[in-house]
Number of protein chains: 2
Amino acid sequence: MSWAEETLASLQAAGHRSGGARRAVVDVLSRQGCCLSAQQIFDELREQGRPIGAASVYRILDLLVESGRVQKLDLGSSTAYYEPVWDDGHHHHVVCDACGRVDAFDDPELERALVRAQKRLGYTSATHELVLRAACDDCYELAGRPSG
Amino acid sequence: MSWAEETLASLQAAGHRSGGARRAVVDVLSRQGCCLSAQQIFDELREQGRPIGAASVYRILDLLVESGRVQKLDLGSSTAYYEPVWDDGHHHHVVCDACGRVDAFDDPELERALVRAQKRLGYTSATHELVLRAACDDCYELAGRPSG
DNA sequence: GTCAGTGCAAAGCTTTTGCAGCGCG
DNA sequence: CGCGCTGCAAAAGCTTTGCACTGAC
């Protein structure tokens, strides 16, 4: 069962009706997979010829976040980003200080350290959000990296 | 030399003039120490009887962030928070999912894990920003914690 | 005296709210 | 056939920009 199917099913199970806009937003999210802003979703759907309203995008994203199907990300800009929560573990993001590019990364050891820290602090059911800031490969080369 | 003194000195060394508003903002930051919003700084200074403009607060905070004296924090709300960068290491924050309360914490082992992860990812000069989301002690008790 | 720094007001951008109509169940 | 979902438009909230004036150097 795909993320999109699971998501729609869980909403239906929670007593929500399934309008066209909601299916469309879930579809865009599942196709992109990582770091979409509300505006990007809005634009994408408009391009597809679907006359969605901005308010609907925000309302749907809120619902998805509340029901735990989507994670809201603050990457440092004034815009919020959203991405599906996959069953097989989550990842974090590196934002380029220079050009704003966003890359995802996944580090099991770091993940374990984060969980240990949460336990040590007494938070048993905590979630975490981690953003690294660094020069991305391109900008690093432009700036002149140590060995070349 | 205090953080405020160091900050003003470094700005002067960089060729900036020292206006009253800037000194006032640096003063408020150094006194509070952790997690102030632009609005809070604005209000605090107005209460003190100093007719500062909101634009000045934002301009000054930007300058301080650019010069590395202040860190800008995204804690999940639509408001940005600011705090001095102290010489003796930094800390992270736990935001209460229920009431929004913010606590600071400091975990050397986690810090080492983060640095190791950054190196492993190839980012030698990266910074990081970590936000934990959990129920704070008060909300945890209200919700009924496992042992009473 | 010059120009960075400043305060005020207005604009900009993302997000939220109000409301009337549509359509899922 | 009721009520949740939706789109549009307007409003709200945080932050930035424009501009004239002040004051540091």
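Proteins come first, then strands; the chains are lettered A, B, ... in the order of their sequence lines, and each starts at number 1.
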> For R22(A), enumerate each residue passing the salt bridge (Lys or Arg N to Asp or Glu O under 4.0 Å) test, keeping only those at least two apart in sequence or located in another chain.
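With sequence neighbours excluded, R22(A) shows a salt bridge (Lys or Arg N to Asp or Glu O under 4.0 Å) to no residue whatsoever.
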> Looking at D27(A) and R31(A), does any basic side-chain N land under 4.0 Å from a carboxylate oxygen?
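Result for this pair is yes, salt bridge flagged.
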> End-to-end bend of the helix from dG1(C)-dC25(D) to dG25(C)-dC1(D) (five-pair axes, 10° rounding)?
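So the angle between the two local helix axes works out to 30°.
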> Going by number, which of residues 71-79 of chain A have a non-hydrogen atom under 4.0 Å from DNA chain C?
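Residues of residues 71-79 of chain A that come under 4.0 Å of DNA chain C are, in numerical order, S78(A), T79(A).
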> Are the side chain of R133(A) and the backbone of E129(B) linked by a donor-acceptor contact shorter than 3.5 Å?
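Checked: no pair found.
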> According to the ring-ring contact (aromatic ring centres under 6.0 Å, His included) rule, which pairs have a member within residues 89-121 of chain B, sequence neighbours left out?
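Those involving residues 89-121 of chain B are H90(B)-H92(B), H90(B)-H128(B), H91(B)-H93(B), H92(B)-H128(B).
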> Hey, are the side chains of Q32(B) and Q40(B) touching, using non-hydrogen atoms and a 4.5 Å cut-off?
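A side-chain contact under 4.5 Å is absent here.
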> Just by modelled atom types, is the I52(A) backbone N or O under 3.5 Å from a matching donor or acceptor in the S56(A) side chain?
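Answer holds: no.
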> For K72(B), is there an ion pair with D74(B) - N to carboxylate O distance below 4.0 angstrom?
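No salt bridge links D74(B) with K72(B).
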> So, do V26(A) and V70(A) sit near enough that their side-chain heavy atoms are less than 4.5 Å apart?
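Side chain of V26(A) against side chain of V70(A), heavy atoms only: no contact under 4.5 Å found.
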> Give the residues of residues 42-57 of chain B touching DNA chain D, defined as any heavy atom closer than 4.0 Å, sorted by residue number.
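Those residues whose heavy atoms fall under 4.0 Å from DNA chain D, taken from residues 42-57 of chain B in numerical order, are A55(B).
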> Can you list, in residue-number order, the parts of residues 9-35 of chain B that come under 4.0 Å of DNA chain C, counting heavy atoms only?
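Only H16(B), R17(B), G19(B), G20(B), A21(B), R22(B) qualify.
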> Using atom CD1 of I60(B) as one end and atom P of dA4(C) as the other, report the distance to the nearest whole Å.
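About 16 Å, once rounded to whole Å.
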> What is the distance, rounded to the nearest whole Å, between atom CG of L63(B) and atom P of dT16(D)?
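Spelled out: CG on L63(B) to P on dT16(D) is 13 Å.
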> Starting at atom CG of L64(A), determine the distance to atom C1' of dC5(D), rounded to an integer number of angstrom.
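Nearest whole value for this atom pair: 14 Å.
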> Please give, in whole Å, the distance from dA9(D) P to Y58(A) OH?
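Atom-to-atom, Y58(A) to dA9(D), this comes out as 17 Å.
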> Can you find a donor-acceptor pair, distance only, under 3.5 Å between R59(A) side chain and dG4(D) base?
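When only heavy-atom distances are counted, R59(A) does not reach the base of dG4(D) through any donor-acceptor pair under 3.5 Å.
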> Does L63(A) reach the side chain of R59(A), with side-chain heavy atoms less than 4.5 Å apart?
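With C-beta onward as the side chain, the pair stays apart.
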> Output the distance between atom CH2 (W86(B)) and atom SG (C34(B)), rounded to the nearest 0.5 Å.
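Those atoms lie 10.0 Å apart.
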> Atom CG of D62(A) and atom P of dT6(D): how far apart are they, to the nearest Å?
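Distance, rounded to whole Å: 13 Å.
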> Distance only, no hydrogens: is a donor on one side chain within 3.5 Å (strictly under) of an acceptor on the other, for R69(A) and T7(A)?
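Judged by distance alone, the side chains do pair up.
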> Answer yes or no: is there a donor N or O on one side and an acceptor on the other, between the side chain of E83(A) and the main chain of C35(A), under 3.5 Å?
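Present.
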> For residues L29(B) and L61(B), determine if any side-chain heavy atom of one lies less than 4.5 Å from a side-chain heavy atom of the other.
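Contact flag for L29(B)/L61(B) side chains = yes.
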> Roughly how many Å is it from CG in L61(B) to P in dT6(C), rounded to a whole number?
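It works out to 12 Å between those atoms.
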